[in-house]
Amino acid sequence: MRLTSFSDKYDNVMKRLSFSTGFITIFVEYRKAPEHIFPAAFDDCVKATLYLLQKGENHGVDSKRIGLAGDSAGGNLAIAVSLKIGEQQFKLPPLRFQVLIYPTLQALDLTLSSFKEFDIPSRQECTLVTKGLMIFWLNMYAFGHLNYTASFVNNSHVTSATKKRYRKLVDPKLLPEKYQTVPNDDVESSIPNVQNIEKVLLNPYYAPFMMTDKQLKTLPKTLIMTCDIDGLRDEGYILAARMRNIGHDVKHENYKGMDHGFIWFSYYNAFKEGNTNFSSYVKTNM
């Protein structure tokens with residue numbers, strides 16, 4: 001089962017996965033922001049997943065062999081749904097796995113090294129995901145508007161106390177040494193009634209990094225795929241490190257020199273390798 005967005009662009013990805021694994025792939029047509037803000041997309045994906053776990057046999061789906069996967073925004077939804085299923089302890093078959101391809105995981109700190117690295121106009125490389133673009137999408141998904149953009153740019157969209165309280169969940173020390181930075185958590189919020197903003201940004205169903213280690217343990221075995229030229233690179237690394245630290249069954253693959261979106265397009269050098277590894281993980285763990 002695959003949770004992601006832009007369904008018209010994913011036909012080939014879905015067909016390729018189904019052909020290479022021999023399994024049914026299902027795409028959830030969830031409601032989109034800004035017309036439908038959080039938690040609309042999340043709720044739609046939870047509903048679809050629960051339906052298949054309960055009544056998949058009615059549609060030729062083995063309810064005991066369901067996994068979730070998604071890239072970028074779809075990775076956010078996949079892990080959020082896995083958390084919902086896992087922590088609610090529904091009397092249903094457990095999910096077999098989740099595949100998170102350069103997932104979007106948090107809105108607490110937009111100063112991680114990968115955001116800084118790909119927020120410089122003079123860079124030679126170009127990436128689909130920059131700090132500016134992530135600020136746009138995070139705000140549209142959460143609020144349906146861009147009124148807080150300046151605060152996000154300045155990292156003043158949450159209070160200093162909140163950054164310090166949740167820093168261990170988004171800790172640059174978990175990154176490879178060359179990517180580690182020292183965050184400035186003393187920047188105070190510039191948003192009136194910021195607690196209303198934080199209520200959304202700290203929700204683990206919106207920002208999965210906000211889940212505790214106890215919640216992480218409820219997730220199924222996990223494959224995380226990241227790429228070098230991507231503003232979301234560091235988030236994947238941190239999630240993998242947090243999972244390893246609690247003994248979670250996690251595999252992390254980073255594709256050197258690749259851009260966000262490489263899994264879609266055959267002209268990328270790692271396109272075949274990435275899709276082969278994706279399919280192999282699904283077949284092995286289904």
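One is the number of the first residue; the rest follow in order along the sequence. Only a predicted model underlies this, so the values are computations on that prediction, with no experimental measurement involved.
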- salt bridge (Lys or Arg N to Asp or Glu O under 4.0 Å) between Asp44 and Arg31, worked out: CA-CA 7 Å; Asp44 291 348; Arg31 288 169 291 172; 2.9 Å; yes
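The six-membered or imidazole ring of Tyr102 lies near that of His260, with a centre-to-centre distance under 6.0 Å. Taking the centre of each ring, Phe209 and Tyr166 stay at or above the 6.0 Å mark.
Classification of Asp213 and Arg242 as a salt-bridged pair holds, one side-chain N sitting under 4.0 Å from a carboxylate O. By the 4.0 Å N-to-carboxylate-O rule, Arg167 lies close enough to Asp109 to be salt-bridged with it.
Of the possible donor and acceptor atoms, one in the side chain of Glu198 sits under 3.5 Å from a partner among the backbone N and O of Thr159. Remark: the backbone N or O of Pro103 is not paired with any side-chain donor or acceptor of Ser72 at under 3.5 angstrom. Side-chain atoms of Lys163 come within 3.5 Å of backbone N or O of Val158 as a donor-acceptor pair. At least one donor-acceptor pair under 3.5 Å links the side chain of Ser63 to the backbone N or O of Leu52.
Expressed to the nearest 0.5 Å, how far OH of Tyr148 lies from OG of Ser156 amounts to 12.5 Å.
Between Leu201 and Phe152, the closest side-chain pair of non-hydrogen atoms falls below 4.5 Å. Annotation: side chain of Leu108 is not in contact with side chain of Leu169 (no heavy-atom distance under 4.5 Å).
Between the side chains of Thr181 and Ser113, not a single donor N or O lies within less than 3.5 Å of an accepting N or O. For Glu235 and Thr104, the side-chain atoms include no donor-acceptor pair closer than 3.5 Å. No side-chain donor from either of Ser160 and Glu188 sits under 3.5 Å from a side-chain acceptor of the other.
A cation-pi arrangement is present between Lys32 and Tyr30, with the terminal nitrogen or guanidinium carbon under 6.0 Å from the aromatic centre and inside a 45° cone about the axis.
Taking the six-membered ring for Trp and thresholds of 30 and 60 degrees, His145 and Phe143 have nearly parallel ring planes, at less than 30 degrees apart.
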